[in-house]
Amino acid sequence: MKNSSIENRFCMSLVAFAVIVRLLLATGAAAAVDEAFGRAPQVQAPEPDILTLEILAAPEPIVPPEPEPQPEAEPEPASEPEPGPTYTPPVFSAEEADGIRIAGACSYTPDKQTLLLQPSSLDFQQDGPTVLIVHTHSSEAYTMEAGFEYPESDELRTQDSRYSVIRIGDEIAQILQDAGIEVLHDTEPNDYPNYNGAYERMRQTIEGYLAAYPTIQMVLDLHRDAAEDAGGVPVALTAYPDGEACAELMLVVGTDEGGLPHPDWQENLANALKLQALLNRSAPGLCRDLDLRTERFNQHETPGSLLVEVGASGNTLAEALRSARILANALVKLIRGEEA
C-alpha cells in the first residue's frame, strides 16, 4: 500500500511539474526552463504584430514603366487636286463682224461691230439648267436615205423622233451636257396634228419652263428649213468644211418691227453674231447669211433666245447630224468660253 501511495504522489508531482513548465513557456520564461535543465538559452525572434505581418505578406505593387514619348508623326501633306482647264470668254474682232452678212426681210440696220464686241449679258454661272432646247415644228424631217427610213406623218415629216429635228436636239443636248452645261430638251410633239398655232403653243411651253427653271438663259429653237427648185424638188443646202457633206446652218433673229413687243432683240442679235463668228472660225462656209426678221419667234422670252435652221428638206439626217455637232461645240465655247 505504501508503494502505491508513493507512486501516486510521484505521478502527481510530475503532472504539477509539467503544468509549471507549460505556464513558464506561456509566460515567456523559456530561458529559466533551459537553465533548470542545463540547456543553452534559445533566442526567439519577437513575434510581429498583425499589421507587420500584413505588410510583409503583401506583394510589392508592379508599376509598369512609363512609355517613352514617341515623336509626333509628321502629317502627310494634303494632295492638291489637279488644276482643271481654265476658260476665258471668247474675244472677237471688228473684222469678224464685217465677215458676217445680215439678210432677211427686216429693214433695221444694226451696228454689227458694236453688238459683236459688247460683253454678253447672259449669266451661265447658274445652279440649274441654263439652256432649253425646243422644236416649234417638231415633226420636220429630212430626205430619206438608206438606213434612215422613217414613217411619214406628212411629206418630209415624221412623228418618229429618231428621224426628225428632235434627233438634232438630242445630239446637241448630249454634247452640251458632256461639257458640264445643264440642258433641258422638250421632245413633245408641237405641230401635229395641227400645224397652225405651233408658235403660240410653243410660247406657252417655253413660259412654263421659265417659270419652273428661272436659271434658263438661252432658248434654242431647232428647225429644218424648206428649199425647193423650180420643179418643186427638195434642195439640199450643203457645205464641206472638213471634206464631209454637212447641212448648212442659218441663224434666225426676230425683232419688234412686226409690231409685237421685243425690247431685247438686239441682245439676241449680239449673241447670234458671237455664235456665228465662232462657227466661222471652226467651220468656214457652214453658215448662211444671218436672217433678221420682222417676227419675234418667241425670242422675247430670254435675251439668249435663238432660232437655228439645220439644213433643208433636201439634206439627209446624217448631214444634219454632222452640222449639229459643229453647232454644239461652238455653243460650248460661247457659253463656257475658250480653253486657255
Side-chain angles (χ1 to χ4, degrees), residues 87-124 130-131 133 172 176 217-223 225 227 237-241 246-312 323-324 326-339:
Y87 296 88
T88 57
V91 178
F92 302 98
S93 67
E95 291 74 20
E96 287 181 300
D98 292 338
I100 300 173
R101 291 182 54 190
I102 296 180
C106 182
S107 64
Y108 293 159
T109 55
D111 186 340
K112 294 184 295 182
Q113 289 188 11
T114 298
L115 292 174
L116 178 63
L117 300 181
Q118 74 182 25
S120 176
S121 67
L122 305 181
D123 180 13
F124 288 96
T130 55
V131 177
I133 298 176
I172 293 173
L176 296 183
Q217 302 292 299
M218 174 180 286
V219 178
L220 192 63
D221 192 359
L222 298 176
H223 291 248
D225 204 357
L237 302 176
T238 309
Y240 298 84
C246 297
E248 290 183 352
L249 301 174
M250 183 171 70
L251 310 186
V252 180
V253 178
T255 68
D256 59 2
E257 191 174 19
L260 294 175
H262 189 1
D264 295 323
W265 71 266
Q266 291 200 69
E267 181 66 23
N268 288 143
L269 178 57
N271 288 298
L273 288 166
K274 291 175 172 61
L275 179 58
Q276 183 136 342
L278 291 170
L279 286 165
N280 288 345
R281 293 178 189 178
S282 61
L286 182 64
C287 289
R288 298 158 63 187
D289 292 344
L290 194 151
D291 192 21
L292 191 64
R293 303 288 293 273
T294 60
E295 303 86 351
R296 64 182 185 181
F297 301 112
N298 291 325
Q299 293 177 12
H300 64 292
E301 297 291 354
T302 71
S305 296
L306 186 62
L307 189 154
V308 184
E309 300 277 5
V310 183
S323 299
I326 297 172
L327 173 60
N329 288 320
L331 283 166
V332 170
K333 289 183 178 180
L334 178 67
I335 293 168
R336 294 194 60 184
E338 296 184 288
E339 189 170 348

Working for side-chain hydrogen bond (donor to acceptor under 3.5 Å, both in side chains), residues Q217 and T130:
CA-CA 5 Å; Q217 302 292 299; T130 55; over 6 Å; no
Trace of the side chain to side chain contact (heavy atoms under 4.5 Å, CB included) decision for T255 with R296 = CA-CA 5 Å; T255 68; R296 64 182 185 181; over 6 Å; no
Rounding to 0.5 Å, atoms SG (C106) and CZ (R293) come to a distance of 10.0 Å
Between the CG atom in L117 and the CD atom in E96, the distance rounded to the nearest 0.5 Å is 9.0 Å
Value for CG (L176) from CZ (R336), rounded to nearest 0.5 Å, stands at 11.0 Å
Notebook entry, point to check: L306 versus L275: any side-chain heavy-atom pair under 4.5 Å?
Noted result: yes
Between the NZ atom in K112 and the CG atom in D98, the distance rounded to the nearest 0.5 Å is 6.0 Å
Validation row: K333, P90 side chains within 4.5 angstrom (heavy atoms): no
Under 3.5 Å, is there a donor-acceptor pair between the N280 and Q276 side chains?
no
Exercise for review: Please assess R281 against F92 for the test side chain to side chain contact (heavy atoms under 4.5 Å, CB included), listing each intermediate value before the final yes or no.
Suggested key: CA-CA 11 Å; R281 293 178 189 178; F92 302 98; 3.4 Å; yes
Q. Does the side chain of C246 come within less than 4.5 Å of P241's, by heavy atoms?
A. yes
In short, S282 meets P284 closest at the heavy-atom pair C-CD, 3.7 Å
- Query: Taking atom types as modelled and ignoring hydrogens, do the side chains of D225 and H223 form a donor-acceptor contact shorter than 3.5 angstrom?
  - Reply: no
When rounded to the nearest 0.5 Å, the distance separating CD of Q113 from CD1 of I100 is 11.0 Å
Rounding to 0.5 Å, atoms CG (N268) and CZ (F297) come to a distance of 12.0 Å
task = Return the orientation label for the Y108 and W265 ring planes: parallel under 30°, perpendicular over 60°, tilted otherwise.
result = parallel
